[in-house]
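Data block below; observations after.
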Amino acid sequence: MPRSKSLSHPVAPIPVKSSTKGEAASRPLTGPRSRLLFSEAQTVIPGGVNSPVRAWKRLGGDPLSIVRGEGAYVIDADRRRYLDLILSWGPLLHGHAHPKVVAAVHDAAALGLSFGAPTPGETTLAKLIRSALPSMERLRLVSSGTEATMSALRVARAATGREVIIKCDGGYHGHADHLLVAAGSGLATANQPDSTGVPAAFVALTASVPYNDLAAVERVFAKHRRNVAALIIEPIAGNMGFVLPAPGYLAALRALCTRHGALLIFDEVMTGFRVAWGGWQNVCGVTPDLTCLGKVMGGGLPAAAYGGRADVMAHLAPLGGCYQAGTLSGNPVAVAAGLANLRLADKRGFYRTHSERLTQVISGLQQAAQRHGIALQAAQAGMMWGYFFSAEAVTDFVSASRAHEGRWQTFFRAMTARGIFLPPSPFEACFWSSAHGPAEVELLLAAFDDALAEVKAAHG
Ligand SMILES: *Cc1c(COP(=O)(O)O)cnc(C)c1O
């Protein structure tokens, strides 16, 4: 395949054209070069993607092929420029190719890519994380969020000597077998795997309950008396769209877990260092026994972590009998990227400044929806947000699934046509970075107004 020309030539920003609804609906969203690259990818990579969420399956279209990122923007193979609200699904707290992060990666790479022996940077990163999240008394670095949750559950089972785990419908914790139950897709069916290839026996010990439903958790504790090892939850749900916990919900889960001798695991892979310095636990004041991190703490490279109570983490080999390992765990280049990413956020007022800017975007979206008479729910926590085309409050996976799919599709297409890169599914959260400034706020507010006018015209 020829090398993409866009890499060796200056990138011309594509002026954002405003268009009438007929035009936007009929024009392919994806440029010819992206479409060609995607059809080539499909000949060698299943579905043309290395992670299903990247496919535009819901929309029946081809995804953009991205060749470059700069700050708040990505540039696709057709040299079209998009304002990025996906940000690699969370890691890029400072936008694309931040010079400090890139320099840290360069410097680390020049010293060697991997050693398979302890390196000083691992301890520096672990200490920085612990200073931000004191509940992580001991922590292990791994390479992906999936590894973090999988390992946290193993050590929870080891420490409690129990087997059952509780998760929430629509909660996604990576793709480990026993977690693919009602995981943010399909209809929630108790103890039925979401994925083919997962034996029913592997999920028999996983109980899934609706988000924000305490009574359902109590029923599971009653049913599996003294055999619940842990409850794992995204303290803010970000994989069924963006859904906030009801006031008091997380504190009540804490109390239930304590009463029943089960561990509470906060999966902060998405919320960690994104909704606040540390994570949502610092905001809600609820202390989990174990925490999982990923995304922002790797700065765009593969780094993740899990950790918590020292007595629980002491079950891990070589101290204890619970095995977990990784050739590239704590990789020095990934650690350098993560450290640089976190240090950029470790400044007074960082989260306040950028959250306030995002709040302008959310209010603008809500006001535009009101102006056009469209029922919309939008919410934010720190530098993470989401929206549903729904008249009712969205509190769990069922209410998230009731949002208006047609309106969402029209909105997505209209926004993409205006150069805004949004998650290609209504069941994903949206992101924000420190590279998104006042100009990007203005750009978005104008795009919302046009796109919502199209939604109104198409659906009433
Ligand atoms: C992304 C995510 C994961 C999985 O992380 P990977 O690095 O993709 O394996 C787990 N939990 C949550 C909450 C996530 O958002």
Side-chain angles (χ1 to χ4, degrees), residues 49-55 85-93 133 140-154 156 165-185 194-195 206 208 211 230-245 250 264-276 278-281 288 290-308 324 326 328-331 334-335 337-338 341 381-386 397 400 423 425 427-432:
V49 288
N50 284 312
S51 197
V53 73
R54 297 175 196 173
L85 298 172
I86 298 180
L87 294 164
S88 185
W89 301 96
L92 306 179
L93 194 64
L133 290 158
R140 268 274 164 88
L141 300 182
V142 291
S143 298
S144 71
T146 295
E147 265 190 284
T149 56
M150 190 179 88
S151 311
L153 286 165
R154 183 178 304 144
I165 57 172
I166 307 176
K167 71 176 282 294
C168 289
D169 302 341
Y172 178 70
H173 306 288
H175 65 87
D177 281 330
H178 55 301
L179 287 165
L180 288 178
V181 184
S185 66
D194 271 349
S195 162
T206 307
S208 194
Y211 197 76
L231 183 153
I232 184 165
I233 187 165
E234 295 172 71
I236 295 177
N239 287 288
M240 50 172 143
F242 178 84
V243 179
L244 290 166
L250 297 171
L264 176 64
I265 306 176
F266 275 1
D267 180 353
E268 299 227 42
V269 170
M270 193 181 277
T271 52
F273 295 98
R274 176 152 278 291
V275 296
W280 188 246
Q281 58 192 268
L290 295 173
T291 298
C292 302
L293 295 173
K295 297 191 170 121
V296 172
M297 66 151 281
L301 261 60
Y306 71 102
Q324 176 268 315
L328 297 178
S329 290
N331 173 269
V335 162
N341 214 38
M383 295 166 74
M384 181 177 164
W385 62 287
F397 186 62
S425 158
F427 296 110
E428 301 294 343
C430 306
F431 299 97
W432 191 248

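Both counts, for ligands and for their atoms, begin at 1 and track the order of listing. Just so you know, these numbers come straight off a predicted model, no measurement behind them.
- Side chains of Glu428 and Trp89 form a contact here, defined as non-hydrogen atoms less than 4.5 Å apart.
- Side-chain atoms of Ile86 and Cys430, non-hydrogen and from C-beta on, never get closer than 4.5 Å to each other.
- Ala152 and Cys292 make their closest contact through CB-SG, 3.7 Å (heavy atoms, listed as atom of the first residue, atom of the second, distance).
- Ligand 1 places these atoms under 4.0 Å from at least one heavy atom of Ser144: 7 (O), 9 (O).
- Between Leu179 and His173, the shortest heavy-atom contact is CD1-O, 3.7 Å.
- Using a 4.5 Å cut-off on side-chain heavy atoms (C-beta onward), Phe266 and Ile233 make contact.
- For ligand 1, the atoms lying closer than 4.0 Å to a non-hydrogen atom of Asn239 are 12 (C), 13 (C), 14 (C), 15 (O).
- Taking a cut-off of under 4.0 Å to the non-hydrogen atoms of Tyr172, the atoms of ligand 1 that pass are 11 (N), 12 (C), 13 (C).
- In this structure, the protein non-hydrogen atom closest to atom 5 (O) of ligand 1 is Gly145 CA, 3.2 Å.
- When heavy-atom distances to ligand 1 are checked against a 4.0 Å cut-off, Thr271 has no atom that comes that close, whether in backbone or side chain.
- Looking only at protein heavy atoms, the nearest one to atom 8 (O) of ligand 1 is Thr146 OG1, 4.6 Å.
- Atom numbering of ligand 1 starts at 1 in the shown order; those under 4.0 Å from a heavy atom of Met270 are 15 (O).
- Distance from atom 2 (C) of ligand 1 to its nearest protein heavy atom, with residue and atom name: Lys295 NZ, 2.6 Å.
- With a 4.0 Å cut-off on non-hydrogen atoms, Glu234 touches ligand 1 through its side chain and not its backbone.
- A donor-acceptor pair shorter than 3.5 Å cannot be found between the side chains of Gln324 and Arg154.
- With contacts defined as side-chain heavy-atom distances shorter than 4.5 Å, the pair Trp385/Leu85 qualifies.
- Among protein heavy atoms, atom 11 (N) of ligand 1 sits closest to Asp267 OD2, 2.6 Å.
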